[in-house]
Novice: 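Sharing a structure here in structure tokens format.
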Amino acid sequence: MSRVCHICNAAPKCHHLAREMMYGTRQTFDYFECGDCGALQISDIPADLAQFYPAAYYSLEGALPKRPSLKRRLGAAWAYERSGGLLGWFFDARKPNRELRLLGELGIARTDAILDVGCGKGARVARLRQFGFAAEGIDAHLDGDVLLDGTRIARRATLDEVAGTYRLVMFHHSFEHLPDQHAAMAAARRLVAADGYALMRIPTCSSAAFDIYGVDWVQLDAPRHLYLHSRESFARLAAQHGFRILRLDDDSDGFQFWGSEQYKRDIPLADPRAHSKRQPLFSKAELAAFDARAAKLNEEHRGDQFCAVLVPA
């Protein structure tokens, strides 16, 4: 069992016994909170992590997205470059494409190299490709190459197997799955061009949801989430490896509440009774209240996940 924090080497403050509840095996895993930087982390990383990523794991299954409709293309054009006229504005206003909006704000050109780390089946990469971006992906749990219209868009690889530099290196809920956080952040810095960015979207234990639910917090996701950073531990890790935080936006939603409420009731995400299985576990009013509460917490920087944009220091 680990006796020191893998982020800052300080001693643990307290321990928590968390269950595997995505699939409901209910196997228990010890986590501890660091007494200094506040990071929440698993005490012993399982020797065989692959067993917790079956073929049915949500990011590894399903078909690639179809070619976007004219409506989606107009909305995307408005989100990214404020073109597409009144219709573009209307469709983006109805269903905002925050990802393309952020790429536009950062000045990421369609020809700029983009790497999506932990891309799963490659759905995000495929969407970016369909909108004209030079994106590619890697994932250590892929069985083989992912093709879109005969072109490889994602491959089975780890960070240390990637060479070159990218204008944008993204980790969309994948960074917390990586066993060596220092090596992963150092690799990100190596891959980001001098005028580039690293984008990391991760859950955080510096949140109301963790304070309320503890080991029933749905985004703890034992044992796949090896590290649940505090805002302090993430900032320290980034600085140690040559990054500064350009912006940090909370982007949590109602899942932090309805998912955690399920776990309190001992209902796994994969259970037939689960809300994700379209069962009436929560009323429309309850779900709306969860979303409203999440929006307020985001404004207060107490949401249970954030999107950080890092630049070379």
Side-chain angles (χ1 to χ4, degrees), residues 57-69 72-84 92 95-178 184-185 187-202 243 246-247 249 251 307-312:
Y57 187 67
Y58 74 97
S59 69
L60 299 173
E61 63 176 356
L64 293 178
K66 297 179 180 179
R67 177 176 170 77
S69 64
R72 288 199 64 194
R73 294 200 301 274
L74 286 170
W78 181 266
Y80 175 63
E81 57 195 11
R82 294 299 187 268
S83 67
D92 184 56
K95 192 174 182 179
N97 193 323
R98 293 182 176 87
E99 187 168 352
L100 287 187
R101 186 176 299 171
L102 179 57
L103 295 190
E105 291 171 357
L106 295 178
I108 303 297
R110 285 185 169 87
T111 54
D112 287 336
I114 299 174
L115 179 67
D116 187 8
V117 180
C119 66
K121 190 67 179 288
R124 174 173 281 102
V125 176
R127 285 196 299 270
L128 288 173
R129 287 268 188 151
Q130 289 165 343
F131 289 129
F133 290 90
E136 62 183 270
I138 61 167
D139 196 298
H141 299 289
L142 282 172
D143 291 331
D145 292 347
V146 177
L147 304 179
L148 178 68
D149 298 328
T151 300
R152 186 179 77 178
I153 63 169
R155 61 191 174 96
R156 180 187 176 106
T158 57
L159 270 171
D160 57 4
E161 296 173 313
V162 181
T165 58
Y166 296 81
R167 186 82 194 287
L168 178 63
V169 178
M170 308 186 297
F171 298 77
H172 290 277
H173 290 284
S174 60
F175 193 75
E176 62 269 25
H177 296 254
L178 300 176
M185 190 67 81
R189 180 63 191 87
R190 170 177 59 84
L191 293 170
V192 170
D195 63 344
Y197 305 90
L199 185 156
M200 298 187 179
R201 180 170 277 117
I202 63 172
F243 280 121
L246 178 68
R247 58 186 287 178
D249 303 303
D251 62 354
C307 178
V309 177
L310 311 179
V311 293

Novice: Counting N and O atoms only, with roles assigned by atom type, does the side chain of Arg73 sit under 3.5 Å from a partner on the main chain of Pro68, one being a donor and the other an acceptor?
Specialist: yes
Novice: With the side chain counted from C-beta on, respond yes when Glu105 and Arg247 share a heavy-atom pair under 4.5 Å apart, and no when they do not.
Specialist: yes
Novice: For a quick test of reading the model, state the closest non-hydrogen atom pair linking Phe171 to Leu178 and the distance between them.
Specialist: CE2-CD1, 4.1 Å
Novice: Could you measure the distance from the CZ atom of Arg110 to the CD atom of Glu81? Nearest 0.5 Å is fine.
Specialist: 4.5 Å
Novice: Taking side chain as C-beta onward, heavy atoms only, is Ile114 less than 4.5 Å from Arg167?
Specialist: no
Novice: Roughly how far, to the nearest 0.5 Å, is NE2 of His141 from OG1 of Thr158?
Specialist: 10.5 Å
Novice: Would you say Asp112 and Leu168 make side-chain contact, with heavy atoms under 4.5 Å?
Specialist: no
Novice: Taking the side chain as everything from C-beta on, heavy atoms only, tell me whether Arg152 gets closer than 4.5 Å to Leu147.
Specialist: yes
Novice: Which atom names give the shortest non-hydrogen contact between Leu64 and Ala123, and what distance separates them?
Specialist: CD2-N, 4.1 Å
Novice: Would the distance check show the side chain of Arg189 and the main-chain N or O of Pro312 forming a donor-acceptor pair, the cut-off being under 3.5 Å?
Specialist: no
Novice: Please step through side-chain contact (heavy atoms from CB on, under 4.5 Å) for the pair Leu103 and Leu128, ending with a clear verdict.
Specialist: CA-CA 11 Å; Leu103 295 190; Leu128 288 173; 3.9 Å; yes
Novice: Atom CG of Leu100 and atom CZ of Arg72: how far apart are they, to the nearest 0.5 Å?
Specialist: 9.0 Å
Novice: May I ask you to test the Val162-Arg155 pair for a side-chain heavy-atom distance under 4.5 Å?
Specialist: yes
Novice: How close do Ala154 and Leu142 get, counting heavy atoms only, and between which atoms?
Specialist: CB-CD1, 4.2 Å
Novice: Does Arg101 form a salt bridge (Lys or Arg N to Asp or Glu O under 4.0 Å) with Asp92? I'd like the steps, not just the answer.
Specialist: CA-CA 10 Å; Arg101 186 176 299 171; Asp92 184 56; 2.6 Å; yes
Novice: Contact between Glu161 and Ile138 at the side-chain level, heavy atoms closer than 4.5 Å - yes or no?
Specialist: no
Novice: Quick check: do His172 and Leu199 have side-chain heavy atoms less than 4.5 Å from each other?
Specialist: yes
Novice: Could you report the tightest heavy-atom contact between Arg127 and Pro65, atom names first, then the distance?
Specialist: CG-CG, 3.6 Å
Novice: Start with the C-alpha distance between Glu99 and Arg201, add both sets of side-chain angles, then the distance that settles side-chain contact (heavy atoms from CB on, under 4.5 Å), and finish with yes or no.
Specialist: CA-CA 11 Å; Glu99 187 168 352; Arg201 180 170 277 117; 5.5 Å; no
Novice: If you round to the nearest 0.5 Å, how far is CG of Leu310 from CE of Met185?
Specialist: 6.0 Å
Novice: Assess the residue pair Leu191 and Leu159 against the criterion (side-chain contact (heavy atoms from CB on, under 4.5 Å)); give the C-alpha distance rounded to whole Å, side-chain angles, the decisive distance to 0.1 Å, and a yes or no.
Specialist: CA-CA 9 Å; Leu191 293 170; Leu159 270 171; 3.8 Å; yes
Novice: Are any non-hydrogen side-chain atoms of Asn97 and Tyr80 less than 4.5 angstrom apart?
Specialist: no
Novice: Are the side chain of Arg129 and the backbone N or O of Ala135 linked by a donor-acceptor pair below 3.5 Å?
Specialist: yes
Novice: Taking all non-hydrogen atoms of both residues into account, name the closest pair between Ala188 and Met200 and its distance.
Specialist: CB-CE, 4.1 Å
Novice: Test Glu136 against Leu115 for side-chain contact (heavy atoms from CB on, under 4.5 Å), laying out the working first.
Specialist: CA-CA 5 Å; Glu136 62 183 270; Leu115 179 67; 4.0 Å; yes
Novice: Shortest non-hydrogen contact from Phe133 to Ala109?
Specialist: CD2-O, 4.0 Å
Novice: Would you confirm whether Arg82, through its side chain, and Gly104, through its main-chain N or O, come within 3.5 Å as a donor-acceptor pair?
Specialist: no
Novice: So, does Asp116 use its side chain to make a donor-acceptor pair with the main chain of Cys119 at under 3.5 Å?
Specialist: no
